[in-house]
Engineer: 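Below is a structure I'd like to ask you about.
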Amino acid sequence: MLINCAAYQEGKKLTDIPQSEIGAYLRRPDCFVWVALRDADAAEMAEMQQQFGLHELAVEDTLAGSQRPKLEEYGDSLFTVLQTIEMVEGDLHVGELYIFVGPNYVLSCRRKSEKGFMDVRARCEREPHLLRHGSGYVLYALMDAAVDRYFPMLERLEGELDVLEERIFSKDASARANIESLYGLKQRLGIVKHATGPELEVVSKLFGGRVPMVCSNMGDYFRDIYDHLVRLNQSIDTARDTIGTAISVNLSMIALQENETTKKLASYAALIAVPTLVVGVYGMNFEHMPELHWTFGYPLALALMAGIDFYLYYRFRKSGWL
C-alpha cells in the first residue's frame, strides 16, 4: 500500500506526486523521489522495480519477508534491511523495514509494523540544510529513527528486571514463577539482541574506509547511529548477564529453603525418636524388666521422655533448626 510519494530538490519538498510521474522527476537534475510503502504486494513492487530499476534479488527479499538485518550494494544503489520491534501488551512483535536507496530516489517498505515513519519525513522537511545531502540523508534519518525506537523498549525491559530482582527475596513470591518470568524476560531481550547485533555490521559499512557513493559525506551521522547501537548491545548484554545471575540466586534461595525444611523435619524426627525408643523398650513385654512394679516407674518414664524432648527442643531452637 502506498503511504507517501513526494519529490525533493535542493533540500525542499517540491510536491506530492502520483506514481505515474516518478520517472519524470527522476530525470530532473538535483532532484530525488521518496516513496513509502506498507506491506507492498507483488504488483506494487513490480511497478517500483520498473520505475527505479531495482535489483530483482532485493525485490525478492522484500516480498519474501523475515529477513535478517543486512546491507547490500547493487551498482550505485543500496538495499538495507532493518528489524522493527513493537511491544504490544508485553509481547514483542518483530517487523522489517526495507530501504532502497539510489542517487535520486529512496524507497522504504515496512512489513508487520504498525508504527510508520511519517515523523521522519516531517523531521527531514524541517531540516532543508541537511536534506540537501539527498537520499543519503534520508537513509540516515530512517535508520536513526528505527534504532532510537529500541531505547524505550529496552528501558521497559530493564524496569521489569529490577522488579523481578526485588521479588526474588520476597517471601510471598513463588520461586517457580520467578524463574519463568526471568527466563521469559531473557527471551525478549534475545529478540532485541537479534535485531541490534547484526545492525552494527550494517552501519559500520557506511562510515570509514570505503563508503558507498550515495552515503558520501555522511560518515559522522552514521557513526552516531553506530554509537547508539553499541550502547544498546552493551545494555542488552549486561541485562542478560544480570538475568543469569538472578536465576542462579533464585535457585540458591530454593536450595536454602529446602535445607531449612530438611533441618526442621530432622529436628521433629529427633523429638519423636526419643519417646519412641523408651516406649519401644518397655513395650517388649519381657517379664524381668527394671522398675516394672515400681509405683513411680510410669510417671518417671513420662517425665524422662518429656525432659529429654524439652532439652532437644531447646538446643534445636538455639541452633536455628526450629
Engineer: Within the side chain of Ser216, is there an N or O that forms a donor-acceptor pair under 3.5 Å with the backbone of Pro212?
Structural biologist: no

Engineer: Under 6.0 Å between ring centres, would you say that holds for Phe32 and Tyr8?
Structural biologist: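 Yes, the ring centres sit under 6.0 Å apart.
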
Engineer: Should we count CE of Met87 as having more than 12 external heavy atoms under 6.0 Å?
Structural biologist: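 Check passes, neighbour count above 12.
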
Engineer: Quick one, Thr15 and Tyr25 - any side-chain contact, counting heavy atoms below 4.5 Å?
Structural biologist: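 Yes, their side chains come closer than 4.5 Å.
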
Engineer: Check the pair Lys70 / Asp61 against side chain to side chain contact (heavy atoms under 4.5 Å, CB included), numbers first and verdict last.
Structural biologist: CA-CA 11 Å; Lys70 62 181 180 179; Asp61 287 345; 2.7 Å; yes

Engineer: Using 4.0 Å as the upper bound for N to carboxylate O, is an ion pair formed by Glu72 and Lys205?
Structural biologist: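 Judged by the 4.0 Å cut-off on N to carboxylate O distance, Lys205 and Glu72 do not form a salt bridge.
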
Engineer: Within a reach of under 6.0 Å around CD of Gln67, are more than 12 heavy atoms found that belong to other residues, nucleotides or ligands?
Structural biologist: yes

Engineer: Check whether any side-chain heavy atom of Tyr150 lies under 4.5 Å from a side-chain heavy atom of Thr196, and answer yes or no.
Structural biologist: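 Yes, their side chains come closer than 4.5 Å.
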
Engineer: Enter the distance from Ile99:CD1 to Ser135:OG here, rounded to the nearest 0.5 Å.
Structural biologist: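 If we round to the nearest 0.5 Å, Ile99:CD1 and Ser135:OG are 11.5 Å apart.
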
Engineer: Begin from the C-alpha positions of Arg188 and Asp91 and carry the test salt bridge (Lys or Arg N to Asp or Glu O under 4.0 Å) through to its verdict.
Structural biologist: CA-CA 8 Å; Arg188 284 182 287 165; Asp91 295 328; over 6 Å; no

Engineer: Do Thr84 and Lys115 make a side-chain contact, defined as non-hydrogen atoms from C-beta onward lying under 4.5 Å apart?
Structural biologist: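 No, their side chains stay 4.5 Å or more apart.
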
Engineer: Can you find a heavy atom in the side chain of Val138 that is under 4.5 Å from one in the side chain of Val101?
Structural biologist: no

Engineer: Are the side chains of Met48 and Val35 in contact, using a 4.5 Å heavy-atom criterion?
Structural biologist: yes

Engineer: Quick one: closest heavy-atom pair of Leu82 and Ala146, and the distance?
Structural biologist: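 Where Leu82 meets Ala146 most closely, the heavy atoms are CD1-CB, 4.1 Å.
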
Engineer: Should Ile236 and Ile225 be counted in the same cluster of Ile, Leu, Val, Met, Phe, Trp and Tyr side chains packed under 4.5 Å apart?
Structural biologist: yes

Engineer: Take a 6.0 Å sphere around OH of Tyr183 and say whether it holds more than 12 heavy atoms from other residues, nucleotides or ligands.
Structural biologist: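 Open.
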
Engineer: Indicate whether any N or O donor in one side chain lies under 3.5 Å from an N or O acceptor in the other, for Ser113 and Glu86.
Structural biologist: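 A donor-acceptor contact under 3.5 Å links the two side chains.
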
Engineer: Do Gln51 and Tyr105 have side-chain N/O donor and acceptor atoms under 3.5 Å apart?
Structural biologist: no

Engineer: Looking only at heavy atoms, which two atoms of Asp39 and Lys112 are closest? And how far apart?
Structural biologist: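 Looking at all heavy atoms of both residues, the shortest contact is OD1-N, 3.4 Å.
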
Engineer: Minimum heavy-atom separation for Asp148 and Pro152, please, with both atom names.
Structural biologist: O-CD, 3.3 Å

Engineer: Please verify the inter-ring angle class for Phe79 with Tyr98; under 30° counts as parallel, over 60° as perpendicular, anything in between as tilted.
Structural biologist: parallel

Engineer: Of all the heavy-atom pairs spanning Asn104 and Cys31, show the shortest one and how long it is.
Structural biologist: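 Looking at all heavy atoms of both residues, the closest pair is CB-O, 3.4 Å.
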
Engineer: Are Leu131 and Ile17 in one and the same hydrophobic cluster, where Ile, Leu, Val, Met, Phe, Trp and Tyr link if side-chain heavy atoms are under 4.5 Å apart?
Structural biologist: no

Engineer: Same hydrophobic cluster for Leu142 and Leu54, using side-chain heavy-atom links shorter than 4.5 Å among ILVMFWY?
Structural biologist: no

Engineer: With rounding to the nearest 0.5 angstrom, report the CG to CE distance, Leu206 to Met143.
Structural biologist: 5.5 Å

Engineer: Do you see a donor-acceptor pair shorter than 3.5 Å between the side chains of Arg167 and Ser181?
Structural biologist: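 Note: Arg167 and Ser181 side chains meet the donor-acceptor criterion.
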
Engineer: Are Val192 and Ile85 close enough that some pair of their side-chain heavy atoms sits under 4.5 Å apart?
Structural biologist: yes

Engineer: If you draw a 6.0 Å radius around CD in Glu127, do more than 12 non-hydrogen atoms from other residues or ligands fall strictly inside?
Structural biologist: yes

Engineer: Less than 4.5 Å apart, any side-chain heavy atom of Ser108 and any of Phe117?
Structural biologist: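 In short, these two side chains do not touch, never coming nearer than 4.5 Å.
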
Engineer: To the nearest 0.5 angstrom, please state how far the CD atom of Glu166 sits from the CG atom of Asp162.
Structural biologist: 7.0 Å

Engineer: Give a yes or no on whether Val202 and Val94 share a hydrophobic cluster (residues Ile, Leu, Val, Met, Phe, Trp, Tyr; joining criterion: side-chain heavy atoms under 4.5 Å apart).
Structural biologist: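 Both belong to a single hydrophobic cluster.
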
Engineer: To check you understand the geometry: which heavy-atom pair defines the closest contact between Leu37 and Ile3, and what is its length?
Structural biologist: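 Scanning both residues, the minimum pair turns out to be C-CG1, 4.1 Å.
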
Engineer: Between Glu199 and Tyr226, is any side-chain donor less than 3.5 angstrom from a side-chain acceptor?
Structural biologist: no

Engineer: More than 12 foreign heavy atoms under 6.0 Å from CZ of Arg156: is that the case here?
Structural biologist: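 Open.
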
Engineer: Check for a donor-acceptor pair, side chain of Arg111 on one end and backbone N or O of Ala40 on the other, with a separation under 3.5 Å.
Structural biologist: yes

Engineer: With a 4.0 Å cut-off on N to O distance, would you call Glu96 and Arg110 a salt bridge?
Structural biologist: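 No salt bridge links Glu96 with Arg110.
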
Engineer: Between the side chain of Glu44 and the main-chain N/O of Asp41, is any donor-acceptor distance below 3.5 Å?
Structural biologist: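 Side chain of Glu44 to backbone of Asp41: a pair is present.
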
Engineer: Drop me the distance from Glu201's CD to Leu229's CG, to the nearest 0.5 angstrom.
Structural biologist: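 It comes to 12.0 Å.
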
Engineer: Taking the six-membered ring for Trp, is the centroid-to-centroid distance between Phe100 and Phe52 below 6.0 Å?
Structural biologist: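 For Phe100 and Phe52, the ring centres are not under 6.0 Å apart.
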
Engineer: Do Trp34 and Met45 land in one hydrophobic cluster if side-chain heavy atoms of ILVMFWY residues count as linked below 4.5 Å?
Structural biologist: no

Engineer: Looking at Asp237 and Lys193, is any side-chain nitrogen of the basic one under 4.0 Å from a carboxylate oxygen of the acidic one?
Structural biologist: yes

Engineer: Could you tell me whether Asp119 and Arg126 make a salt bridge, using a distance below 4.0 angstrom between a side-chain N and a carboxylate O?
Structural biologist: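 Between Arg126 and Asp119 there is no salt bridge, as every charged N stays at least 4.0 Å from the carboxylate O atoms.
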
Engineer: Quick check against the 3.5 Å criterion: does Ser77 have a side-chain atom that pairs as donor or acceptor with the backbone of Glu73?
Structural biologist: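 Not a single qualifying donor-acceptor pair exists.
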
Engineer: Going by side-chain contact (heavy atoms from CB on, under 4.5 Å), Ile247 matches just one of Leu251, Asn250, Val249. Which one?
Structural biologist: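 Considering Leu251, Asn250, Val249, a side-chain contact (heavy atoms from CB on, under 4.5 Å) with Ile247 is found only for Leu251.
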
Engineer: Less than 4.0 Å between a side-chain N and a carboxylate O, is that true for Arg123 and Glu125?
Structural biologist: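 Looking at Arg123 together with Glu125, the answer is no, because their closest N to O distance does not fall below 4.0 Å.
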
Engineer: Considering non-hydrogen atoms only, spot the tightest contact between Leu154 and Ser235 and give its length.
Structural biologist: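 Nearest heavy atoms, Leu154 then Ser235: CD2-CB, 3.5 Å.
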
